[in-house]
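Taking it in order: structure first as structure tokens, then the write-up.
Note that the structure is a prediction, hence the values are computed from the model and not measured. Chain identifiers are assigned alphabetically (A, B, ...) following the order of the sequence lines, protein sequences preceding nucleic acid strands; residue numbering begins at 1 within each chain. Values below: all heavy atoms of this structure, side chains included; hydrogens, waters and symmetry mates excluded.
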Amino acid sequence: MSVDHRVSMPLAVERRTNAACAGPLNGEVEQFLYRQSECLDTRDWDGWLDLFAPNGLYWIPAHPEDPSPDGRPSICCEDRYLMRTRVKRLCNPKAWSQLPPHRTSHVVSNVSIVDDGDESGFIITQSRFHMVELRWDKQRYMAGRYRHRFVRLDSGLKIDLQRVDLLNYDAPLDYVLQSWV
Amino acid sequence: MTNAVEPFAASPDGRLLVERDRVHRSCYTDEAIFQQELKNIFYKTWIYAGHESQLRKPGDYVGFMIGRQPMLLVRGDGGEIAVLHNRCPHRGAMLCNEHKGNTGSLFTCSYHAWQFELDGKLAALPSPDGYNETRLRKGDQAADMKRAARVSSYRGFVFANLATTGPDLDEWLGEGRRAFDDMCDRAPDGDVEIVNSCFRIVQNNNWKIFLENQLDAVHASITHISAAKAATDTEKEIKEETGDDAPPFYKYLSSLSTPLSRWATLETRAYPHGHCLLGGYIGLRPTDPDTVIYESMMRERYGETRAEEILSRDVHHILIYPCLSVQPAFQQLRAIRPLAPDKTLIELWHFRLKGAPEAIYRRALAYYNLINSPSTLVNADDLINFWRCQEGLTADEASEWVSFHRNAGQDNSANGVTRSVNGLSEMPMREMFRAWCKYMSEGTHNVG
């Protein structure tokens with residue numbers, strides 16, 4: 001939703017990685033992604049927000065061919081302020097749809113480094129996720145592709161942009177998405 | 001004096017279903033009533049098909065539903081628009097199963113390769129000699145893709161009607177035309193263009209529960225308190241942390257906590273055929289530089305007086321019963337597609353104002369992304385309440401009635417328009433059911 005945040009990421013996976021360096025970075029990124037999914041599954045919202053750079057953006061495109069959220073409809077597009085707004089809603093005892101809270105379980109896999117960031121300063125990774133969500137005794141299943149663009153700040157590795165391409169991006173959704181996928 | 005509003009008030013088992021201030025729960029849950037609604041309402045009124053700008057060239061098509069009938073809106077060779085049943089007359093297979101596409105110069109069935117012109121006429125079929133001595137011949141209507149009985153459009157918005165008789169589109173829309181006039185007039189070029197992206201969300205509730213909610217000013221500050229409070233807090237934090245005002249779209253959320261006393265001042269109106277209007281509350285005349293440029297463009301195109309008349313309109317929702325909820329000021333619409341008594345598909349679309357600056361489009365886009373997208377902080381709570389209603393009404397016989405008593409007896413009707421005594425009145429729900437009774441009691445029209 002951030003209007004002043006122009007972002008784009010290569011749509012095709014074009015490896016620009018020095019394979020010899022990929023080992024430690026791969027491990028670091030994998031641990032990061034596991035931590036991120038754990039934040040969602042344990043409702044550690046502060047931990048979730050802390051994964052993003054100050055100008056970080058979370059984006060679920062409406063179409064897989066969209067290169068950027070700029071000027072286009074998005075299933076979800078949030079900067080940190082909108083993410084904080086979502087957290088505040090989820091934590092409000094009068095968020096009626098959170099009675100009881102929904103639950104999720106994520107699995108992240110197939111992690112690969114697309115750009116090790118040596119030249120660009122941005123580390124780009126691709127991975128696949130599966131997510132099961134329980135709400136009001138009903139389970140639903142989602143899957144898709146994550147693409148993360150990281151920056152390395154003094155506080156550590158942070159997400160500059162997370163792009164989430166849902167497998168069912170154009171299919172009717174039963175109910176809505178209450179938190180991030 | 002009877003409490004019944006119209007002759008149609010009895011269910012097949014003889015019970016009174018609709019009274020002037022309350023409605024029996026079976027209107028929302030009963031499969032037989034739902035089937036009757038399809039026949040008496042959805043198959044005989046004008047149903048929104050799509051927008052002309054979705055069909056750029058011959059062969060372009062869009063799939064949509066009228067009740068349970070899959071339909072195709074298609075652009076013909078000469079540019080004309082047709083609405084066809086998406087069904088091969090041979091064995092009934094759907095001819096297109098994508099939401100949209102281009103079929104070339106013919107529709108071809110994937111099962112036995114029957115082929116049809118873009119107006120539905122049979123063009124070719126395998127082994128034509130096999131039909132020589134039969135009752136089905138090329139040229140017979142029964143061998144063509146069935147056409148909707150009537151197709152008509154208003155300012156680019158295309159509607160189809162499966163019945164040959166009944167009012168024409170203009171007459172049926174009546175004051176509901178304001179939905180499209182208000183939207184299109186806001187464009188300096190007087191026209192809108194669809195943004196070819198649709199969000200589809202299934203609600204686990206009866207379609208009428210959604211329609212009633214669109215005119216329900218009482219629910220907003222209660223249902224949406226968590227979203228409104230969160231946005232209000234963020235607005236403050238942005239101001240504190242950055243010194244800048246929060247982006248204007250936060251208001252779309254924070255304004256939901258408008259107190260009931262303010263909602264009470266809103267105007268609601270009901271028109272013939274079930275169409276309704278809810279006045280605006282967000283405040284649509286900001287004074288930022290983009291708006292200033294846009295408003296000056298409008299004055300240039302329309303003249304001072306007319307431009308001011310257009311820009312000062314403040315309508316939140318206009319309901320085109322039973323199939324559309326339109327937000328003209330944000331150039332969005334929601335098409336309502338009933339799937340079952342307890343299941344409703346909502347298709348959410350938005351439009352660009354032709355000739356308006358990009359910044360004005362961005363405003364509509366922000367509303368679409370924030371309020372109408374699948375990650376909406378708003379409908380998350382609406383949909384759970386609708387579902388709770390549906391479950392509560394289905395559960396048992398403990399609660400037989402749905403109450404529409406608020407300000408009953410105070411509705412003011414004159415010249416075909418009913419006005420509520422205040423914005424919190426349940427007048428629109430009562431009037432929608434008055435229209436419902438009329439549709440249901442009139443029976444089916446001649447089906448083309």
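- Electrostatic pairing of B:D233 and A:R84 does not count as a salt bridge here, judged by no charged N lying under 4.0 Å from a carboxylate O.
- Salt-bridge annotation for A:E28 and A:R152: present, with a side-chain N of the basic residue lying under 4.0 Å from a carboxylate O of the acidic one.
- Heavy-atom pairs under 4.5 Å with chain B were tallied for A:L90, A:N92, A:V87; the largest tally goes to A:N92.
- With chain B as partner, the option from A:A62, A:P73, A:A95 having the largest number of non-hydrogen pairs under 4.5 angstrom is A:P73.
- With respect to the salt-bridge test (charged N to carboxylate O, under 4.0 angstrom), the residues A:D170 and B:R200 do not qualify.
- Per-residue counts of heavy-atom pairs under 4.5 Å with chain A were compared for B:I238, B:I222, B:L383; the largest is that of B:I238.
- For B:N204, the part lying under 4.5 angstrom from a heavy atom of chain A is the side chain only.
- In this structure, chain B has heavy atoms under 4.5 Å from both the backbone and the side chain of A:L99.
- With a 4.5 Å cut-off on non-hydrogen atoms, A:W180 does not touch chain B at all.
- A:D70 has a carboxylate O that lies under 4.0 Å from a charged side-chain N of B:R362, or vice versa, which qualifies the two as a salt bridge.
- Residue contact with chain B, scored on non-hydrogen atoms closer than 4.5 Å, is absent for A:R135.
- The most heavy-atom pairs under 4.5 Å with chain B, out of A:R86, A:Q178, A:K94, come from A:R86.
- Relative ring orientation between A:F150 and A:F32 is described as perpendicular, the plane-to-plane angle rising above 60° on a 0-90° scale split at 30° and 60°.
- For the residue pair B:T234 / A:K88, a side-chain donor-acceptor distance below 3.5 Å is found, with atom types taken as modelled.
- The greatest number of non-hydrogen atom pairs below 4.5 Å with chain B, out of A:I60, A:T85, A:L177, A:V181, is found for A:T85.
- Ranked by non-hydrogen atom pairs under 4.5 Å with chain A, the options B:I225, B:L253, B:N379 are led by B:I225.
- The contact between B:N196 and chain A is made entirely by backbone atoms, counting heavy-atom distances below 4.5 Å.
- Salt-bridge formation is not detected for the pair B:E193/B:R352: no Lys NZ or Arg NE/NH1/NH2 atom is positioned less than 4.0 Å from an Asp or Glu carboxylate oxygen.
- Between chain A and the residues B:N385, B:I201, B:L377, B:I346, the largest count of heavy-atom pairs under 4.5 Å involves B:L377.
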Subject >> Stepwise side chain to side chain donor-acceptor pair (under 3.5 Å) test for B:H219 and B:N213 >> reply: CA-CA 8 Å; B:H219 88 287; B:N213 172 264; 3.2 Å; yes
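- In this structure, the side chain of A:R149 does not engage the main chain of A:I123 through any donor-acceptor pair within 3.5 Å.
- When each of B:Y361, B:W387, B:Y250 is checked for heavy-atom pairs under 4.5 Å with chain A, B:Y250 comes out on top.
- Using a 4.5 Å cut-off between heavy atoms, B:L345 contacts chain A through its side chain alone, with no backbone atom that close.
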